[in-house]
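I have placed the structure first, in the form of structure tokens, so that the comments after it can refer back to it.
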Amino acid sequence: IAVLQIVKESQQQHGLRHGDFQRYRGYCSRRLRRLRKTLNFKMGNRHKFTGKKVTEEILSDNRYLLLILMDAERAWSYAMQLKQEANTEPRKRFHLLSRLRKAVKHAEELERLCESNRVDAKTKLEAQAYMAYLTGMLCFEHQEWKAAMEAFNKCKTIYEKLANAFTEEQAVLYNQRVEEISPNIRYCAYNIGDQSAMNELMQMRLRSGGTEGLLAEKLEALITQTRAKQAATMSEVEWRGRTVPVKIDKVRIFLLGLADNEAAIVQAENEETKERLFESLLSECRDAIQAVREDLKPDQKQREHSLENDSGKVSNIQYLHSYLTYIKLSTAIKRNESMAKSLQKALLQQQRSEEDGKRTPRPQDLIRLYDIILQNLVELTQLPGLEEDKNFQKEIGLKTLVYKAYRCFFIAQSYVLVKKWSEALVLYERVLKYAREVQSGAGAYTNSLKELPDVQDLITQVNAEKYSLQAAAILDANDTHEAESPSQVKDGKPLSERFETFCLDPSLVSKQVSLVHFPPGFQPIPCKPLFFDLALNHVAFPPLEDKVEQKAKSGLTGYIKGIFGFKS
């Protein structure tokens, strides 16, 4: 059996993709019940339990090995579930270790059965690697670093040999497991005494944007602990010619890791990893700013007193807050600029290869990014303590002009797409104006503008776009005069009103087709006539007294006659 493949597929399909170990444990239990029923390998009946063990004599079907494998997986998944719950309930850690020992016991039984001659060599190696992996995890939880390192190294060696022995498609799974094990080996080496392993762990974490699984919490705690030791010696930070004391531990730890995070972003292999690292750095920066804000609240009166005595000079804690806010806004600008560069590449490749069913980038997406960048630059100029720093304000002003130029350029591009030639031409001229202002004022600020997009490349691109725009406008005007005819002019009438006239109307094949006016308009109709009998007032009717019967005189006699039915 392919042990690793079965385990990975089961885990991915039944909850572990979202970290749901309880769901995976339930799946293992159900599969065990199905296997026992299929193999008629029942543990007694519903009234009495009778334990059975899989032996070499009954090993005629590979599903007997699956029984033991699912037992081990069920115990392992329960242990991982308890590990998640142990963060809030520490007593569950004892149960966690018990379930891990149970998983190792089942893995030992699987390895023992695989020594039989009926099992092929690949299954034997995979069973040994699986056993070594679970043993390493148990020792890792017991903090037996040397034993854990030996078990993980054994597991890594077996999977590397298996990866070399098979095709590339089959080797992908083994290489993934090797990558999962490597951080655990380095962590064990660090705890044994290898200091170089710490740098490797941090680089692996930064490259991947954060680790997952068994090592995640321990590695984060280790990195925080290491930086905390270094932070004990850090007492101040210098920014723009002013030295500020740093007394908050969270801020010290963030500032110490800032250079490593920025270096990892530069070395990121793809845009997805870079985006994760940017988000991680911004999250840490927000936490540090929040810690400073909490210290700012009780210091409100002291800051007001400081402002009065020092003639507008802000306090140290306020200046530190401005520095951290500057880091946050600068990082946000770099992130948006990185996203803009990737969108620009996608726009260039859009004409070469277009994928059906996938939303293609548009210039409007870039306009939105540059709007956010310009908003961040406005916030930078309003930071407390930097209002009178003329060099800083001039530098931010030049950066604003650069991003305004790029924003105008992509607005012009969006106008070109809808054939608004005059508006696009005016915006191109505005781009050239901004670019020349940057070139004229960037004498002493060349170093600070190195990281920004090159303005000269933008000028070259705008000049080329202007010529092509003028040519396209002339061609479009000629086509309009030559081809304009009643058959191509839309008058806005629905189809029911222009059956006699041929008209090229693309909206007829769209979802908003105009067939008739609905609801229909009101039309005048004749009103129902009204009849008035005017002659009735002038007609003299004949007398009818002789035809009307005279009413009999009433009295006692009439009453008696009426009772007995006598009529007059």
With distance as the sole criterion, is a donor-acceptor pair present between the side chains of [X] and [Y] under 3.5 Å?
X: Gln81; Y: Tyr24; result: no
X: Tyr130; Y: Glu73; result: yes
X: Glu180; Y: Gln176; result: no
X: Tyr174; Y: Glu126; result: yes

Going from [atom1] on [X] to [atom2] on [Y], what distance comes out if it is rounded to the nearest 0.5 angstrom?
X: Lys105; Y: Asp71; atom1: NZ; atom2: CG; answer: 10.5 Å
X: Thr135; Y: Gln128; atom1: OG1; atom2: CD; answer: 11.5 Å
X: Tyr323; Y: Ile289; atom1: OH; atom2: CD1; answer: 12.0 Å
X: Asp20; Y: Met80; atom1: CG; atom2: CE; answer: 14.5 Å
X: Thr331; Y: Leu277; atom1: OG1; atom2: CG; answer: 12.0 Å

Inset, instruction - Quick one: sort the Phe140 and Phe152 rings into parallel, tilted or perpendicular, breaks at 30° and 60°. - result: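 The rings of Phe140 and Phe152 stand perpendicular, inter-plane angle above 60°.
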Inset, instruction - Return the orientation label for the Tyr406 and Tyr370 ring planes: parallel under 30°, perpendicular over 60°, tilted otherwise. - result: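 Taking Tyr370 first and then Tyr406, their aromatic rings lie parallel (interplane angle under 30°).
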Quick one: are [X] and [Y] in side-chain contact, heavy atoms under 4.5 Å?
X: Lys161; Y: Leu125; answer: no
X: Val104; Y: His106; answer: no
X: Met131; Y: Lys154; answer: no
X: Lys250; Y: Gln290; answer: no
X: Arg74; Y: Lys102; answer: no
X: Leu258; Y: Glu284; answer: no
X: Arg30; Y: Arg33; answer: yes

Inset, instruction - Please assess Glu9 against Gln13 for the test side chain to side chain donor-acceptor pair (under 3.5 Å), listing each intermediate value before the final yes or no. - result: CA-CA 6 Å; Glu9 288 179 356; Gln13 294 174 8; 5.0 Å; no
Inset, instruction - Could you give me the CA-CA distance, side-chain angles and deciding distance for Tyr403 and Asp371, then say whether side chain to side chain contact (heavy atoms under 4.5 Å, CB included) is met? - result: CA-CA 9 Å; Tyr403 289 118; Asp371 280 335; over 6 Å; no
Counting only N and O atoms by type, is there a donor-acceptor contact under 3.5 Å from the side chain of [X] to the main-chain atoms of [Y]?
X: Ser330; Y: Ile327; result: no
X: Arg93; Y: Glu141; result: yes
X: Ser280; Y: Arg276; result: no
X: Asn191; Y: Cys188; result: no
X: Ser182; Y: Val178; result: yes
X: Arg63; Y: Leu35; result: no
X: Thr157; Y: Asn153; result: yes
X: Glu387; Y: Gly385; result: yes

Is atom [atom1] of [X] surrounded by more than 12 heavy atoms (other residues, nucleotides or ligands) closer than 6.0 Å?
X: Gln22; atom1: CD; value: no
X: Lys124; atom1: NZ; value: yes
X: Arg368; atom1: CZ; value: no

Closest approach of [X] and [Y], non-hydrogen atoms and distance?
X: Ala129; Y: Cys155; result: O-SG, 3.5 Å
X: Asn336; Y: Asn376; result: ND2-ND2, 4.0 Å
X: Ser116; Y: Leu59; result: CB-CD2, 4.4 Å
X: Arg31; Y: Ser10; result: NH1-OG, 3.6 Å
X: Ala103; Y: Leu134; result: O-CD1, 3.7 Å

Inset, instruction - Please step through side chain to side chain contact (heavy atoms under 4.5 Å, CB included) for the pair Val54 and Leu65, ending with a clear verdict. - result: CA-CA 8 Å; Val54 180; Leu65 295 179; 6.0 Å; no
Legend entry - Proximity of Tyr159 and Tyr133 rings by center, below 6.0 Å: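 For Tyr159 and Tyr133, the ring centres are not under 6.0 Å apart.
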Legend entry - Sole residue of Thr400, Leu386, Leu329 in side-chain contact (heavy atoms from CB on, under 4.5 Å) with Leu380: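 Exactly one option meets the side-chain contact (heavy atoms from CB on, under 4.5 Å) with Leu380, and it is Leu329.
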Legend entry - Residues Asp120, Lys122: salt bridge by 4.0 Å N-O rule: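 No.
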Inset, instruction - Could you tell me whether Arg112 and Glu56 make a salt bridge, using a distance below 4.0 angstrom between a side-chain N and a carboxylate O? - result: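 Not counted as a salt bridge, because no side-chain N and carboxylate O are separated by less than 4.0 Å.
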Inset, instruction - Given side chain to side chain contact (heavy atoms under 4.5 Å, CB included), test Ile1 with Val119 step by step and report yes or no. - result: CA-CA 9 Å; Ile1 60 172; Val119 181; over 6 Å; no
Inset, instruction - Show the numbers, then the answer: is there a salt bridge (charged side-chain N to carboxylate O under 4.0 Å, His left out) between Lys399 and Glu395? - result: CA-CA 6 Å; Lys399 290 181 179 180; Glu395 181 182 333; 3.5 Å; yes
Inset, instruction - Please report the C-alpha distance between Glu150 and Lys146 in whole Å, then the side-chain angles of each, then the deciding distance to 0.1 Å, and finally whether the side chain to side chain contact (heavy atoms under 4.5 Å, CB included) criterion is met. - result: CA-CA 6 Å; Glu150 291 174 357; Lys146 189 172 182 180; 4.0 Å; yes
